[in-house]
Amino acid sequence: MKKVVLALSGGVDSAIAAHLLQQQGYQIYGLNLLTWGEDNQRKQVQEIADDLNFLVEFMDIRQAFREQVVQPFIHAYQDGLTPSPCVFCNRQIKWSTILQKADQIGADYVATGHYARLKIAQDGKIQLWKAVDLAKDQSYMLTFLTQDMLKRTVLPLGEFNKPEIRKIASNLGLAVSERPDSQDLCFLACTDYRDFLKEHAEQPALPGPIYHKDGRLLGQHQGLAFYTIGQRKGLPSSTEALYVIEKRKADNSLIVGFLNQLGSNFFLVEQVNWISGQYPLQPIKVEVKIRYKANPAEAMVEPQADGLLKVTADKLLRDITPGQIAAFYQGEQLLGGGVIVEGIANRTAGAFLQPLDTPE
RNA sequence: UGGGGCAUGGUGCAAUGGCAGCACACCGGACUUUGAAUCCGUUGGUCUUGGUUCGACUCCAAGUGCCCCGG
């Protein structure tokens with residue numbers, strides 16, 4: 001019998017993932033990871049395992065999570081970046097932990113409740129594809145997974161729509177079917193990340209000036225970490241809405257401006273991961289997503305020296321944010337991605353007076 | 001210590017005698033396994049005192065405060 005280690009959060013998605021895996025003939029070893037805070041999910045997780053009749057182990061990985069996800073998250077903010085903790089966590093914590101457990105118990109496979117699909121290419125390589133349910137697609141969060149990880153991974157939810165999953169849950173009579181979606185590993189669950197930083201950062205936030213792009217001093221900010229590129233909330237009132245254009249670390253100043261002063265076509269990406277494991281040698285045409293819920297934008301990706309990539313979008317991109325993940329797609333397939341290093345300004349006045357992020 | 005102008009929500013502006021509106025901000029909600037954006041909704045105001053009028057943000061007088069020009 002095929003054995004699989006399934007990461008269980010206590011939510012409906014991973015519960016139904018368990019059910020679907022069982023239908024496919026897998027024997028499930030459930031693994032619940034305690035990453036942060038208190039063990040509140042334990043009862044729910046145990047209940048699901050009992051209902052579906054498989055074993056579940058509860059593992060406390062709080063220390064590793066703190067060191068490998070939370071501390072880098074805090075440091076990134078202190079460094080003027082806007083980090084993407086989930087993308088790193090999936091690779092460095094979630095997958096590495098469940099694979100380790102799989103090795104330990106002699107399971108060939110691991111599984112999670114992510115909405116994304118895996119396909120096997122002609123050459124035997126594993127491809128990562130968007131979920132059928134594009135509204136729930138989470139492939140972006142898996143940008144940093146490797147062939148070694150994906151070879152042993154099963155994603156049972158990728159072919160389903162979310163409403164179907166809920167329906168299956170309610171048909172099975174699972175209590176979890178009525179609960180709201182869980183936040184899974186998210187240590188920020190229900191917390192404003194600013195409050196989190198205030199509580200957990202070693203160094204207090206450093207207030208500084210807010211300048212308009214044209215040079216006027218508009219007010220004070222409470223610390224650059226509390227803002228991100230493209231942010232509108234929390235800025236001084238003005239004749240029209242203001243957005244964060246730049247976090248200038250050199251003088252601890254926040255540069256803001258109007259909608260038509262925001263955006264660029266170019267940016268650089270580092271720490272690049274290609275799902276196939278193979279770097280392209282030539283420029284390639286992709287659709288790039290610069291945030292989890294961004295609309296894909298047509299772009300060219302050009303390899304640079306030092307493993308950097310230069311991304312050139314056909315249209316102006318709003319909110320190119322250092323620290324966020326740029327994910328490269330071709331159609332439904334996720335090719336890979338990396339961390340945005342910096343945007344290279346070349347805005348065109350008025351470009352965003354039209355509707356934003358025009359879907360194609 | 002001369003002359004002129006202004007005073008409307010937290011901010012910037014509309015309403016010129018007839019139910020005080022708009023933008024931005026704030027607050028709440030939706031959306032979301034990062035952070036944002038976006039969408040929906042709510043709150044909140046005529047500097048003070050007196051006068052004219054059926055009725056005053058609007059007209060008149062005084063007070064108070066701010067700005068400009070003379071200096």
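Letters go in sequence order (proteins before strands), and every chain restarts at 1.
Between A/Tyr140 and A/Ile325, some side-chain heavy-atom pair lies under the 4.5 Å cut-off.
OP1 or OP2 of B/U33 lies within a sub-4.0 Å distance of a side-chain N or O belonging to A/Lys136. The phosphate of B/A37 has neither OP1 nor OP2 within less than 4.0 Å of any side-chain N or O from A/Tyr227. Contact annotation: A/Tyr77 does not reach the phosphate of B/G35 (side-chain N/O to OP1 or OP2, under 4.0 Å).
Ion pairing between a basic and an acidic side chain is recognised when a charged N comes within 4.0 Å of a carboxylate O; A/Lys3 and A/Asp108 show no such pairing.
A/Ile255 belongs to a hydrophobic cluster whose other members, connected by ILVMFWY side-chain contacts under 4.5 Å either directly or through intermediates, are A/Tyr211, A/Leu217.
A cation-pi arrangement is present between A/Lys198 and A/Phe226, with the terminal nitrogen or guanidinium carbon under 6.0 Å from the aromatic centre and inside a 45° cone about the axis. In this structure, A/Lys213 forms no cation-pi arrangement with A/Phe258, as its terminal cationic atom is not both closer than 6.0 Å to the ring centre and no more than 45° off the ring axis.
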Give every donor-acceptor pair under 3.5 Å between a side-chain atom in residues 16-33 of chain A and any protein atom, sequence neighbours left out.
from	atom 1	to	atom 2	distance (Å)
A/Gln22	NE2	A/Leu52	O	2.8
A/Tyr29	OH	A/Glu57	OE1	2.3
A/Asn32	ND2	A/Leu8	O	2.7

Identify each donor-acceptor pair in which a side-chain atom of residues 78-86 of chain A lies under 3.5 Å from a protein atom, sequence neighbours left out, and give them as a table.
from	atom 1	to	atom 2	distance (Å)
A/Asp79	OD1	A/Lys249	NZ	3.0
A/Thr82	OG1	A/Thr228	OG1	2.5

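In terms of heavy atoms, A/Leu262 sits closest to A/Val244 at CD1-O, 3.6 Å. Between A/Arg66 and A/Pro72, the closest heavy-atom pair is O-CD, 4.2 Å.
B/G12 and B/A7 are spaced 12 Å apart, taking the P atom of each and rounding to whole Å. The same atom, P, is picked in B/G71 and in B/C13; the two are 30 Å apart, to the nearest Å. Rounded to whole Å, the C1' atom of B/U42 lies 33 Å from the corresponding atom of B/G65.
Within 4.0 Å (heavy atoms only), A/Tyr292 reaches at least one base atom of the nucleic acid. Residue A/Phe88 is out of contact with every strand shown, counting any heavy-atom pair closer than 4.0 Å. Nucleic acid contact class of A/Pro83 (heavy atoms, under 4.0 Å, all strands): base.
Ranking B/A37, B/U33, B/U34 by closeness to the A/Ser84 side chain, first place goes to B/U34. The listed nucleotides are B/U33, B/G12, B/G35; the one nearest the side chain of A/Gln138 is B/U33. Distance from the side chain of A/Tyr243 is smallest to B/A37 among B/U34, B/U33, B/A37.
One finds the CG atom of A/Leu309 at 12.0 Å from the CE atom of A/Met300 (value rounded to the nearest 0.5 Å).
Taking a 4.0 Å limit (strictly below) on heavy-atom distances, residues 199-208 of chain A does not reach RNA chain B anywhere.
One interatomic measurement links the two molecules: CD of A/Gln324 to P of B/U32, which rounds to 18 Å at whole-angstrom precision.
Ring to ring, A/Trp129 and A/His114 are not that close: their centroids are 6.0 angstrom or more apart.
Counting only Watson-Crick and G-U wobble pairs whose two key distances fall under 3.5 Å, RNA chain B forms stems of three or more stacked pairs at B:2-7 with B:64-69, B:10-13 with B:21-24, B:27-30 with B:38-41, B:47-51 with B:59-63.
A side-chain N or O of A/Gln104 and one of A/Lys101 form a donor-acceptor pair less than 3.5 Å apart.
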Using nucleotides 25-30 of chain B, report all nitrogen or oxygen pairs with the protein that are shorter than 3.5 Å.
from	atom 1	to	atom 2	distance (Å)
B/A25	OP1	A/Arg232	NE	3.0
B/A25	OP2	A/Arg232	NH2	3.1
B/C26	OP1	A/Gly234	N	2.8

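The 5' end of RNA chain B is approached more closely, in terms of each residue's nearest nucleotide, by A/Thr239 than by the other of A/Thr239 and A/Ile290.
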